[in-house]
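For reference, the structure is listed below as structure tokens.
Hydrogens, waters and symmetry mates are skipped; everything else that's a heavy atom, side chains included, is used. Note that the coordinates shown come from a computational prediction; the quantities given were computed from them, not determined experimentally.
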Protein chains: 2
Amino acid sequence: MSDTDSLPERKRGSGVKMVYDLLRDEILDLRIAPGSPVDEVQLAERFKMSRTPIREALVRLAGEGLIETLPNRSTMVSNIDFLNLNTLFDALVLMYRVTTRLAAQSHRPEDLPIIRGFHEDYAAAVAARDTLAMIATNVAFHAAIAEAGRNPYFTGLFRRLLDEARRILRLYYQSYEEQFPQRFVDEHAEIIAAIEARDVEAADRLGKAHAEQIVAQVQKLFSRNDRLDIAL
Amino acid sequence: MSDTDSLPERKRGSGVKMVYDLLRDEILDLRIAPGSPVDEVQLAERFKMSRTPIREALVRLAGEGLIETLPNRSTMVSNIDFLNLNTLFDALVLMYRVTTRLAAQSHRPEDLPIIRGFHEDYAAAVAARDTLAMIATNVAFHAAIAEAGRNPYFTGLFRRLLDEARRILRLYYQSYEEQFPQRFVDEHAEIIAAIEARDVEAADRLGKAHAEQIVAQVQKLFSRNDRLDIAL
DNA sequence: TGTATTTTTCTTGTCGACAAATAAAATACA
DNA sequence: TGTATTTTATTTGTCGACAAGAAAAATACA
């Protein structure tokens with residue numbers, strides 16, 4: 001694989017961030033399977049740098065729970081905890097509500113163009129049936145709404161939840177290729193309208209409904225898979 | 001200062017955790033002032049180890065927002081963001097509600113003795129007028145309730161919020177030494193009762209009231225200080 | 001042939017040293 | 001004396017090497 005086959009001229013502090021961002025994306029897009037071993041020397045060779053900056057990137061990833069470190073022994077990509085998916089869904093629904101509500105309450109005029117921009121990106125991805133782009137732009141859309149709510153603690157947790165959900169959605173879209181996401185586009189438009197009108201209650205309600213609908217779809221899929229697994 | 005004047009025999013992976021825990025406590029108890037510079041070589045000398053494990057501990061602390069690093073330049077203890085305290089309070093109130101509610105909903109019998117234990121520790125700290133112990137045991141009490149709710153995403157955010165609040169409460173108790181915490185002890189007892197009775201609505205209501213009361217007190221103090229600052 | 005023990009291997013954890021980047025100090029110049 | 005430029009100093013970022021720990025492999029022994 002020709003990853004970093006560009007100029008070996010790297011700036012001083014940039015290596016860590018690069019490794020961090022790249023590994024993070026690969027993990028969240030399921031390009032690296034959960035449970036896969038993460039080898040420091042291998043990464044050092046791949047990125048053509050010493051183990052030290054690699055290690056720092058791994059420590060950061062471990063801090064976000066994306067990888068797990070066994071003391072003195074291997075490091076691996078965190079598994080998806082299917083048994084506790086409901087806790088993830090609970091947290092997601094609440095954060096959808098809270099961030100949308102806060103955005104309606106305290107957004108500024110300059111926030112709306114940004115949100116609309118991601119909304120259009122998402123619509124374009126749906127039209128193009130580009131699954132990875134759909135997932136990424138959907139996350140960006142809701143993250144932008146959260147930013148407009150201006151509570152860093154909520155946006156921080158929400159981002160993390162959306163990241164974790166990114167892996168699940170990746171599985172979801174791998175299994176089923178349905179055309180329903182158009183519905184999500186419409187719901188997004190409604191949410192924007194509620195935020196713009198500063199209708200806090202409507203924003204809350206729409207955010208909740210939007211989240212619960214996605215969760216229900218995913219749960220339906222996984223229960224189907226569960227039954228399949230048992231049947232085999 | 002004779003910090004680590006014990007045996008130089010350290011186990012292999014223990015250094016990082018030790019430095020991390022110690023620095024974290026010092027920061028949260030305001031033993032290191034916000035804005036203070038954090039020097040790697042100094043810490044390396046103090047803990048008698050190389051800069052590498054120190055660095056790893058600092059990366060973890062930075063990941064939690066407890067320290068801030070300027071690229072290629074100094075590292076310092078994060079300042080308390082007084083201008084955005086309301087976002088912290090908003091998040092805290094919501095998490096008090098959610099964790100108490102969830103605890104009432106899905107706690108197990110073995111959780112209650114743990115919660116009661118911290119409740120008694122807190123009562124003892126109040127009786128002894130030990131400010132630092134009061135803050136620490138109060139955090140432990142609510143963290144235990146959150147654990148009983150069994151949603152790792154909520155407990156994670158809640159712990160972080162309580163940590164940040166620890167620094168503020170430290171300021172609070174430095175300024176005013178009032179005897180009202182007995183009221184908190186009583187409220188804690190009510191909360192435990194609601195959880196035990198699995199009364200979800202009552203737990204929610206009590207958690208919210210408890211949080212809002214603390215927030216109101218702290219806000220009153222800071223608004224007083226603000227006026228004082230302006231007057232000077 | 002099966003089990004206990006030793007040896008090997010592989011990965012991580014730690015170290016000391018050097019290079020780069022920035023701020024502070026010193027110097028030159030008007 | 002005030003400002004621009006060079007030099008020094010200090011702190012971080014990166015490197016290569018070595019040691020420790022744990023699993024796997026190999027060996028010894030019954």
Side-chain angles (χ1 to χ4, degrees), chain A residues 3-4 6-24 27 32-79, chain B residues 3-4 6-24 27 32-79:
Chain A
D3 268 303
T4 53
S6 50
L7 28 153
E9 301 287 338
R10 259 183 299 101
K11 275 166 207 162
R12 201 167 140 85
S14 68
V16 189
K17 184 173 162 38
M18 179 196 173
V19 175
Y20 170 81
D21 286 338
L22 230 119
L23 279 182
R24 190 185 132 89
I27 292 172
I32 314 180
S36 301
V38 178
D39 189 67
E40 294 178 4
V41 294
Q42 205 170 311
L43 288 171
E45 286 171 14
R46 174 175 163 200
F47 292 103
K48 276 159 192 154
M49 57 179 76
S50 146
R51 273 177 54 220
T52 311
I54 303 283
R55 213 137 202 291
E56 183 172 331
L58 293 186
V59 169
R60 303 234 302 249
L61 289 170
E64 297 179 36
L66 292 178
I67 64 175
E68 282 168 27
T69 303
L70 284 289
N72 280 316
R73 209 57 203 156
S74 65
T75 303
M76 62 176 209
V77 176
S78 296
N79 282 305
Chain B
D3 268 304
T4 54
S6 50
L7 29 153
E9 301 288 339
R10 260 183 300 98
K11 272 166 209 163
R12 202 166 140 86
S14 68
V16 191
K17 183 171 163 41
M18 180 197 175
V19 175
Y20 170 82
D21 286 337
L22 229 118
L23 280 182
R24 181 165 179 277
I27 292 172
I32 314 182
S36 302
V38 178
D39 189 62
E40 294 179 4
V41 295
Q42 205 170 309
L43 288 172
E45 287 170 14
R46 176 176 163 199
F47 292 102
K48 276 157 192 156
M49 58 179 78
S50 147
R51 272 177 55 221
T52 311
I54 302 285
R55 214 138 201 289
E56 183 171 330
L58 292 185
V59 169
R60 301 234 303 249
L61 288 170
E64 297 178 37
L66 293 179
I67 64 175
E68 284 169 24
T69 56
L70 285 290
N72 280 317
R73 210 57 206 157
S74 65
T75 304
M76 62 176 207
V77 176
S78 296
N79 282 304

Between D:dT12, C:dC15, D:dG16, which nucleotide gets closest to the side-chain atoms of A:S50?
D:dG16

Would you check if A:L58 and A:V38 make a side-chain contact, meaning some heavy-atom pair closer than 4.5 Å?
yes

Would B:L66 and B:L23 count as a side-chain contact (heavy atoms from CB on, under 4.5 Å) here? Give the steps.
CA-CA 10 Å; B:L66 293 179; B:L23 280 182; over 6 Å; no

Measure NZ/A:K17 against P/D:dT14 and give the value in whole Å, please.
14 Å

Heavy atoms under 4.0 Å, any strand shown: does B:V38 hit a base, just sugar-phosphate, or nothing?
sugar-phosphate

Re C:dT9: Watson-Crick or G-U wobble partner, both distances kept under 3.5 Å, found to be D:dA22

Rounding to an integer number of Å, can you tell me how far A:L43 CG sits from C:dC10 P?
18 Å

Taking all heavy atoms of A:A62 and all of A:T69, pick out the closest pair and write down the distance.
CB-OG1, 4.4 Å

Could you check which nucleotide pairs with C:dC29 in any of the strands shown, counting Watson-Crick or G-U wobble with both distances under 3.5 Å?
D:dG2

Using a cut-off of 4.0 Å between protein heavy atoms and nucleotide atoms, how would you tag nucleotides 17-26 of chain C 5' to 3' with B, S and -?
B-BBSBS---

Rounded to whole angstrom units, what separation is found between the CG atom of B:L58 and the C1' atom of D:dT11?
13 Å

Value for OG (A:S14) from CG (A:D21), rounded to nearest 0.5 Å, stands at 11.0 Å

In whole angstrom, give the distance that lies between atom CD1 of A:I54 and atom C1' of D:dC15.
12 Å

Could you state the atom-to-atom distance from CD of A:E45 to C1' of D:dT14 in whole Å?
17 Å

Looking only at the side chain of A:V16 (C-beta and beyond, no hydrogens), which of the listed nucleotides C:dG16, D:dT11, D:dT14 gets closest?
D:dT14

In whole Å, what is the span from the CE atom of B:M18 to the C1' atom of C:dT14?
16 Å

Whole-Å distance separating the NZ atom of A:K48 from the P atom of D:dC15
13 Å

Over how many whole Å does the gap from A:M76 atom CE to C:dC10 atom P extend?
21 Å

Does B:S74 use its side chain to pair, donor to acceptor, with the backbone of B:P37 at less than 3.5 Å?
no

Closest nucleotide among C:dT12, C:dC15, D:dC15 to the A:D39 side chain
C:dT12

Which residue is it: A:I67, A:D39, A:L61? I am looking for the one with a side chain to side chain contact (heavy atoms under 4.5 Å, CB included) to A:T75.
A:I67

List the steps, then state whether side-chain contact (heavy atoms from CB on, under 4.5 Å) holds for A:L22 with A:R46.
CA-CA 12 Å; A:L22 230 119; A:R46 174 175 163 200; 3.6 Å; yes

Return the 5'-most residue of the pair A:T75, A:T52 with respect to DNA chain C, ranking by each residue's nearest nucleotide.
A:T75

Touch class at under 4.0 angstrom, heavy-atom based, for B:E40 against every strand present
sugar-phosphate

